[in-house]
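These numbers were taken from a predicted model, which means no experiment stands behind them.
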Amino acid sequence: MRAVLAAPPPTLLVIAKAPVPGRVKTRLTPSCSPEQAAALAEAALTDTLHTLATVPAGRRLLVLDGEPGRWLPPGWQVVPQCAGGLDERLAAAFTLAARLAPHAPALLVGMDTPQLPAAALAEPLSAVERTGVDAWYGPAADGGFWAFGLARPTEELARRLLLGVPMSTAGTGAALLERLARLDLTIRQLPLLTDVDTIRDAEQVAAEAPGSRFAARLRSSHATGEAAG
């Protein structure tokens with residue numbers, strides 16, 4: 001009898017900036033001070049890392065611009081982001097995942113969706129559910145994407161899909177979907193989520209996940225602002 005090979009567990013990646021005042025979540029100011037914005041970024045990143053720690057995976061990589069801090073939970077391997085635009089850094093992250101685990105799918109998430117439930121990834125990435133899937137796509141409400149994954153990542157495929165895609169625009173997601181369609185890849189859609197960019201986004205996300213670290217930090221920031229006023 002021929003042995004049936006088990007499907008390899010996925011590689012999970014989070015791409016993030018270290019939460020340093022003045023370098024992260026600058027669109028939250030002046031509603032928040034740079035220090036408050038950085039604290040919110042830290043809370044969002046911490047929520048994301050803890051959530052993904054509960055999703056079954058073979059590897060968990062934090063692709064970081066900056067230095068890790070006390071917010072980093074155990075179980076994550078920190079690797080530095082490469083130089084270049086976001087499209088180049090995303091492609092490089094998939095290339096690294098493919099080198100570390102050549103036969104495993106890889107899924108990358110940003111640091112801006114602390115409301116993300118683990119089930120939104122655990123089920124689609126399970127061995128049964130990923131049969132026949134070539135890519136995972138998580139649309140963001142602003143027209144971008146909060147998650148992107150490849151069932152069989154390679155450097156060539158990642159570069160073909162990502163290099164040259166205009167990032168941080170209302171058309172980012174559409175451009176990526178067009179490239180996926182051009183290569184005739186089967187896509188599994190993930191839930192629509194709101195990225196935290198503005199204070200209005202932050203308030204919406206906190207309302208969706210009231211028990212999160214992010215929501216608690218936002219409540220604290222509002223209380224501090226009211227006291228200062």
Side-chain angles (χ1 to χ4, degrees), residues 3-19 44-113 116 118-138 145-165 167 176 179-180 183 185-188 190:
V4 178
L5 296 177
T11 297
L12 297 178
L13 306 102
V14 172
I15 188 163
K17 284 184 179 179
L45 177 54
T46 303
D47 280 331
T48 301
L49 294 174
H50 278 271
T51 296
L52 266 64
T54 68
V55 177
R59 291 177 182 271
R60 293 180 177 86
L61 305 177
L62 173 59
V63 187
L64 186 64
D65 176 4
E67 297 297 324
R70 290 180 295 176
W71 43 263
L72 179 67
W76 286 88
Q77 178 183 349
V78 179
V79 295
Q81 290 186 27
C82 72
L86 181 56
D87 58 334
E88 296 171 288
R89 288 179 275 141
L90 293 177
F94 280 103
T95 298
L96 175 62
R99 289 174 181 166
L100 292 175
H103 304 294
L107 186 131
L108 182 144
V109 176
M111 63 181 284
D112 301 330
T113 51
L116 170 66
L121 295 181
E123 181 182 353
L125 289 174
S126 67
V128 172
E129 291 293 325
R130 71 185 194 228
T131 301
V133 175
D134 297 314
W136 294 267
Y137 177 78
F145 56 91
W146 62 267
F148 178 57
L150 294 171
R152 292 167 291 279
T154 65
E155 179 177 7
E156 178 186 3
L157 179 59
R159 292 176 65 85
R160 287 182 69 183
L161 288 170
L162 291 163
L163 292 189
V165 170
M167 294 291 165
L176 179 56
R179 293 197 181 190
L180 288 163
L183 294 180
L185 298 180
T186 301
I187 305 166
R188 171 73 181 262
L190 301 174

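Shown here for Gly110 and Val14, the closest heavy-atom pair between the two residues is O-CG1, 4.2 Å. Considering every non-hydrogen atom in both Val55 and Ala118, the closest pair reads CG2-O, 3.8 Å. Between Leu150 and Ala135, the shortest heavy-atom contact is CD2-CB, 4.2 Å. Across all their heavy atoms, Ala104 and Pro8 have their closest contact at CA-CG, 3.9 Å. When all heavy atoms of Gly66 and Ala18 are compared, the closest pair comes out as CA-CB, 4.0 Å. Between Ala44 and Met111, the shortest heavy-atom contact is CB-O, 3.4 Å.
Considering only heavy atoms from C-beta on, Pro9 stays 4.5 Å or farther from Pro56 through its side chain. Within the 4.5 Å cutoff, no side-chain heavy atoms of Ile187 are placed close to those of Val133. Under the 4.5 Å side-chain criterion, counting only non-hydrogen atoms from C-beta, Val78 is in contact with Leu72. No side-chain heavy atom of Val109 sits under 4.5 Å from any side-chain heavy atom of Leu13. Side chains of Leu161 and Phe94 form no contact here, defined as non-hydrogen atoms less than 4.5 Å apart. The side-chain heavy atoms of Trp76 and Leu61, taken from C-beta on, include no pair separated by under 4.5 Å.
No donor-acceptor pair under 3.5 Å is formed between the side chain of Gln81 and the backbone N or O of Leu90. Under the 3.5 Å distance criterion, the side-chain polar atoms of Asp87 are matched with a main-chain donor or acceptor of Gly164. A side-chain donor-acceptor contact under 3.5 Å links Arg60 to the backbone of Ala53. A distance-only check finds no donor-acceptor pair linking the side chain of Arg152 to the backbone of Pro105 [under 3.5 Å]. Side-chain atoms of Glu129 do not come within 3.5 Å of backbone N or O of Glu123 as any donor-acceptor pair. With hydrogens and angles disregarded, a donor-acceptor distance shorter than 3.5 Å links the side chain of Thr154 to the backbone of Leu157.
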Using the salt bridge (charged side-chain N to carboxylate O under 4.0 Å, His left out) rule, take Arg99 and Glu155 through it: C-alpha gap first, then chi angles, then the decisive distance, then the call.
CA-CA 9 Å; Arg99 289 174 181 166; Glu155 179 177 7; 3.6 Å; yes
side-chain contact (heavy atoms from CB on, under 4.5 Å) assessment of Leu176 paired with Leu162:
CA-CA 7 Å; Leu176 179 56; Leu162 291 163; 4.2 Å; yes
Which is it for Leu190 and Tyr137 under the side-chain contact (heavy atoms from CB on, under 4.5 Å) test, yes or no, and what are the steps along the way?
CA-CA 6 Å; Leu190 301 174; Tyr137 177 78; over 6 Å; no
Check against side-chain contact (heavy atoms from CB on, under 4.5 Å), Leu116 and Leu121
CA-CA 9 Å; Leu116 170 66; Leu121 295 181; 4.0 Å; yes
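To the nearest 0.5 Å, atoms CG (Leu100) and CD (Gln77) are separated by 6.0 Å. With values rounded to the nearest 0.5 angstrom, Ile15 atom CD1 is found 8.5 Å from Asp65 atom CG. To the nearest 0.5 Å, atoms CZ (Arg59) and CG (Leu96) are separated by 8.5 Å. The line from CH2 of Trp136 to CZ of Phe148 is 10.0 Å long, rounded to the nearest 0.5 Å. Atoms CZ and CG, from Arg160 and Leu163 in turn, are 11.5 Å apart once rounded to the nearest 0.5 Å. Summarising the geometry, atom CG belonging to Leu107 is positioned 6.5 Å from atom CG belonging to Leu12; distances are rounded to the nearest 0.5 Å.
Surrounding CZ of Arg130 are more than 12 heavy atoms belonging to other residues, nucleotides or ligands, all under 6.0 Å away. With a 6.0 Å radius and a threshold of 12 heavy atoms from other residues, nucleotides or ligands, Glu156 has its CD atom at or below the threshold.
Evaluated for a side-chain contact (heavy atoms from CB on, under 4.5 Å) with Leu49, the options Thr51, Leu52, Leu45, Asp47 yield exactly one hit, Leu45.
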